[in-house]
Visitor: 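To start, I am sharing the structure in question, which I have written as structure tokens.
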Amino acid sequence: MTSTPDRKTGQTLLAWAALLCCAALAFLFLVNALFGIRAADGMPGPHASVWMRQAWEQGSFSAGAFFLGCGLFRGIRRFPLPGRVTVALFLAAFLFAAAPYAGRLLVPGG
């Protein structure tokens, strides 16, 4: 006799898959940010500020991907009513992902 997985099991698997994918994406952005910091701190040159800005942007994207993964994890597991914490996590993910673009628009010379 075979049993079919119920809806709760499918939601749990999807939630974990979303969390792991977003965590891997956050890790890649974090590695890229650390490389930018190392490049900015290396030999003195005209591009150190560009590397540091790139590192800040990649760090912001990393935080956004992390918060998105946490929000997806909570939102998928509590699907009918996500709750305030889930909405706050999605808002934080959006703000971290949009911050580098807002910085380019609002900061002169960016």
Visitor: Does Tyr101 share a hydrophobic cluster with Leu25, counting links as ILVMFWY side-chain heavy atoms below 4.5 Å and allowing steps through other members?
Guide: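 Looking at the clustering, Leu25 is in the same group as Tyr101.
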Visitor: Kindly give the heavy-atom pair with the smallest separation between Ile76 and Ala18, and that separation in Å.
Guide: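 Looks like CD1-CB, 4.2 Å.
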Visitor: Return the minimal non-hydrogen interatomic distance between Cys70 and Leu19, and the atom names on each side.
Guide: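 Answer, listing the atom of Cys70 first, then Leu19: N-CD1, 4.0 Å.
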Visitor: Might you point out which heavy atoms bring Gln11 and Arg77 nearest each other, and give the distance in Å?
Guide: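 Smallest interatomic distance, heavy atoms only, reads OE1-O, 4.1 Å.
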Visitor: How does the hydrophobic cluster around Trp51 look, that is, which other residues are in it when side-chain heavy atoms under 4.5 Å mark a link?
Guide: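 In the cluster with Trp51 are Phe35.
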Visitor: What residues, two or more places apart in sequence or in another chain, satisfy side-chain contact (heavy atoms from CB on, under 4.5 Å) together with Val85?
Guide: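 Partners of Val85 by the side-chain contact (heavy atoms from CB on, under 4.5 Å) criterion, ordered by chain and then number, come out as Arg74, Leu89.
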Visitor: State, to 0.1 Å, how close Leu72 and Cys22 come at their nearest heavy-atom pair, and which atoms those are.
Guide: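 Closest approach of Leu72 to Cys22: CD1-SG, 4.1 Å.
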Visitor: Show me, pair by pair, the donor-acceptor contacts under 3.5 angstrom made by side chains of residues 56-67, not counting sequence neighbours?
Guide:
residue, atom, partner, partner atom, Å
Glu57, OE1, Arg104, NH2, 2.8
Glu57, OE2, Arg104, NE, 3.1
Glu57, OE2, Arg104, NH2, 3.4
Gln58, OE1, Asn32, ND2, 3.4
Ser60, OG, Phe96, O, 2.4
Ser62, OG, Ala26, O, 2.9

Visitor: What is the minimum heavy-atom distance between Gly36 and Gln54, and which atoms define it?
Guide: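 Between these two residues, the closest heavy atoms are CA-OE1, 3.7 Å.
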